[in-house]
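Positions are given from 1 along the sequence.
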Amino acid sequence: MRRLFFILFVTSLLAGTVAHSQTVTNLADKQRYELAAEYSRSHNGVAVLVMKGDKIVFEDYSTDDAEKMPWFLASGTKSFAGVICAAAIEDKLIKSFDEKASDTITEWKSDPRKSKITIRQLLSLTSGIDAGQIGIVPTYFEAISSRASYEPGTHFEYGPVPFQIFGELMTRKLKSKNETVMSYLKRRILDPIGLTVAFWRKKNDQILLPQGASLTAREWAKFGLLLKNNGKWNGKQIVDGKLLDELTVGSKVNPAYGMTFWLNAKGTGPSGNERMNVGGEVLNGGKPLDLFMAAGAGNQRLYVIRNQDLAVVRFGMFGGWDDREFISKLLTGK
C-alpha cells in the first residue's frame, strides 16, 4: 500500500512537469546546470540541486511542492553509517576501521570466519557475510546471525545485512552512554550541521541503516557540504577529515566501492554488473575527477566532487540513468 501511494504521488509530480530554477550569476554555469537538470527531468527526475562552495547556486524541481517534499533516499541512506563510524573512531568508541567486529559482537569469537571480520570489511561489503536481499532488512540483532559464506576480504556482496550488523555493534558500544544509534547520529553529526530528517524507517525502534531516511534536497545537500569540506562546517571540524577520506578508498575486491560510498572507478555494481567510472580526465586537467557518491534505488544521488568544489543532489523515480552523462552535462554541457 505504501509503495502504491509513493508511486501515485511521484506520478502526480511528474505529470505536466514545469521546472523552475534558482538563478545563478555565471551564465555558463547556469546553462550547464540547466542541461543536467533537463537530462534528469527526461529520466523521471524530481529535483536537482547544486552547491558550489558553501552556497546553493542552482535548484530545479518538477513542481513547487517538490521543493519542500521529503524524498526517500533508499540506499542513499547507507552513507550515514560510514560517517557514524568515522565519528565513533574520533570519539574513541572504536579503535580503528580495522578493529575486529568480534571484539564487540562476542558471539562471533568462536566462528572461524566471523571472528576475523573487521569493521572496514563490514562497511565495504567485503566481510564474506551473506548480505541479504535488497529491501528485506533484518533487525540489528537478527543480522548478526547471518552466515559467513566467504573468507573476509575475498568477496564483494551488496545488501542490507552488514549495515544492520554495524548497527548492532554501535548499539553495544553506546549502551554505557545510554545513547541509541539515532541519538548519537543526531548529537554528533546532524544537529551540528542543522540537518533535519523528515522521516526514518525503524524496526524495533532502531533506525534502518541500509535504507529508510527521507530528506528534502536541501537537507541532503547539507550532508554533501560536510563531506565536500572534509568534515568542516562553518569553519568548525565536525568529523576528522582524514577519517572521512578513508571512506572513499576502494577495496581490492571492488575498487568502485569504499565504505558506504560509490567511487569514481571501474568495479562491481549492486547486482553484479560492471559499474563504469565517470572519468573526467578531459574535464580536470588530465586527472580523474575526485568524485564519490551516495546512491539509492530510483536513481537517488548525492554527488560530491571535491576538486570542482561541488555537492549535487538528484532525486528521481526510476527510469534510465547514466551517471557519466549527467556529470558530463553538469560540468561541460555535453
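Separating the CD1 atom in I207 from the CZ atom in F199 is a distance of 12.0 Å, to the nearest 0.5 Å. A distance of 9.5 Å separates CD in Q211 from CD1 in I134, rounded to the nearest 0.5 Å. Interatomic distance, CG of L190 versus CD1 of I238, reported as 11.0 Å (0.5 Å rounding). How far CD1 of I144 is from CG of L169: 10.0 Å, rounded to the nearest 0.5 Å. Between the CG atom in N230 and the CG atom in L243 there is a gap of 11.5 Å [rounded to 0.5 Å].
When side chains are defined from C-beta on, M51 does not count as touching V313, because their heavy atoms never get closer than 4.5 Å. Between D205 and T180 the shortest side-chain heavy-atom distance does not fall below 4.5 Å. Annotation: side chain of E99 is in contact with side chain of T104 (closest heavy-atom distance under 4.5 Å). Inter-residue side-chain proximity for I136 and P160 is flagged as unmet; no heavy-atom pair is nearer than 4.5 Å. Within the 4.5 Å cutoff, no side-chain heavy atoms of L247 are placed close to those of L123. Considering only heavy atoms from C-beta on, V197 stays 4.5 Å or farther from K186 through its side chain. Between F166 and I119, the closest side-chain pair of non-hydrogen atoms falls below 4.5 Å. Side chains of Y140 and V181 form a contact here, defined as non-hydrogen atoms less than 4.5 Å apart.
Of the possible polar contacts, one joining the T77 side chain to the A213 backbone as a donor-acceptor pair under 3.5 Å is found. At least one donor-acceptor pair under 3.5 Å links the side chain of E90 to the backbone N or O of D240. In this structure, the side chain of K30 does not engage the main chain of F58 through any donor-acceptor pair within 3.5 Å. The closest donor-acceptor contact from the side chain of K222 to the backbone of G194 lies under 3.5 Å. At distances below 3.5 Å, not a single donor-acceptor pair connects side-chain atoms of R113 with backbone N or O atoms of G128. Side-chain N or O atoms of S102 include none that pairs as donor or acceptor with a backbone N or O of K109 at under 3.5 Å. Using modelled atom types, no side-chain atom of R301 and backbone atom of G76 make a donor-acceptor pair closer than 3.5 Å. At distances below 3.5 Å, at least one donor-acceptor pair connects side-chain atoms of T332 with backbone N or O atoms of S328. Using a distance-only test at 3.5 Å, with no hydrogens or angles considered, a donor-acceptor pair links the side chain of K173 to the main chain of L93. Side chain of Q300 to main chain of L73: no donor-acceptor pair is present (N/O by atom type, distance under 3.5 Å, no hydrogens or angles).
Residue pairs that meet the salt bridge (Lys or Arg N to Asp or Glu O under 4.0 Å) test with at least one member in residues 75-85, sequence neighbours left out, do not exist here. For residues 83-115, no residue pair satisfies the ring pair (Phe, Tyr, Trp, His ring centres under 6.0 Å) rule, not counting sequence neighbours.
Using modelled atom types and a 3.5 Å distance limit, the side chains of N229 and D54 yield a donor-acceptor pair.
Using the six-membered ring where Trp is involved, F223 and F261 have ring planes that are parallel, under 30° apart on the 30 and 60° scheme. Below 30°, between 30° and 60°, or above 60°: for Y257 and Y158 the angle between ring planes is above 60°, a perpendicular geometry. Aromatic ring orientation, F326 versus Y303: parallel (interplanar angle below 30°, classes split at 30° and 60°).
Residues meeting the side-chain contact (heavy atoms from CB on, under 4.5 Å) test with V253, sequence neighbours left out: T126, F156, S251. For F163, there are no ring pair (Phe, Tyr, Trp, His ring centres under 6.0 Å) partners at least two apart in sequence or on another chain. Every residue meeting the side-chain contact (heavy atoms from CB on, under 4.5 Å) condition with R187, not counting sequence neighbours, appears here in chain and number order: E179, Y184. For the side chain to side chain donor-acceptor pair (under 3.5 Å) test, residues two or more places apart in sequence or in another chain that qualify with Q121 are T118.
Salt bridge D245/K242: absent, no basic N to carboxylate O contact under 4.0 Å. Salt-bridge formation is detected for the pair R147/D130: a Lys NZ or Arg NE/NH1/NH2 atom is positioned less than 4.0 Å from an Asp or Glu carboxylate oxygen. Electrostatic pairing of E59 and R218 counts as a salt bridge here, judged by a charged N lying under 4.0 Å from a carboxylate O. Between R41 and E38 there is no salt bridge, since none of the side-chain N atoms of the basic residue sits less than 4.0 Å from a carboxylate O of the acidic one. The residues E142 and K203 are annotated as not salt-bridged, no charged nitrogen and carboxylate oxygen being separated by less than 4.0 angstrom. Salt bridge absent: D309 and K52 never bring a charged side-chain N and a carboxylate O closer than 4.0 Å.
Cluster annotation: I56 and L226 are assigned to the same hydrophobic cluster (Ile/Leu/Val/Met/Phe/Trp/Tyr, side-chain heavy-atom contacts under 4.5 Å, transitive). The cluster map of Ile, Leu, Val, Met, Phe, Trp and Tyr, joined by side-chain heavy atoms under 4.5 Å apart, puts L208 and L174 in different clusters. Put simply, L35 and L331 are part of two different groups of oily side chains (I, L, V, M, F, W, Y) that touch within less than 4.5 Å, one to the next. In terms of hydrophobic clustering, with Ile, Leu, Val, Met, Phe, Trp and Tyr side chains grouped at heavy-atom distances under 4.5 Å, I165 and F80 are assigned to a common cluster. Under the 4.5 Å side-chain heavy-atom criterion for ILVMFWY residues, no single connected hydrophobic cluster contains both L227 and V249.
Of all heavy-atom pairs spanning A47 and S40, the tightest one is O-OG, 4.4 Å. Shortest non-hydrogen contact noted between G159 and P162 is O-CD, 3.6 Å.
Annotation: N178, atom CG; neighbour count of heavy atoms from other residues, nucleotides and ligands within 6.0 Å does not exceed 12. Heavy atoms from other residues, nucleotides or ligands lying under 6.0 Å from NZ of K116 number more than 12.
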How far apart are the C-alpha atoms of K114 and E107, what are their side-chain angles, what is the distance that settles it, and do they pass the salt bridge (charged side-chain N to carboxylate O under 4.0 Å, His left out) test?
CA-CA 9 Å; K114 290 182 178 181; E107 300 94 314; over 6 Å; no
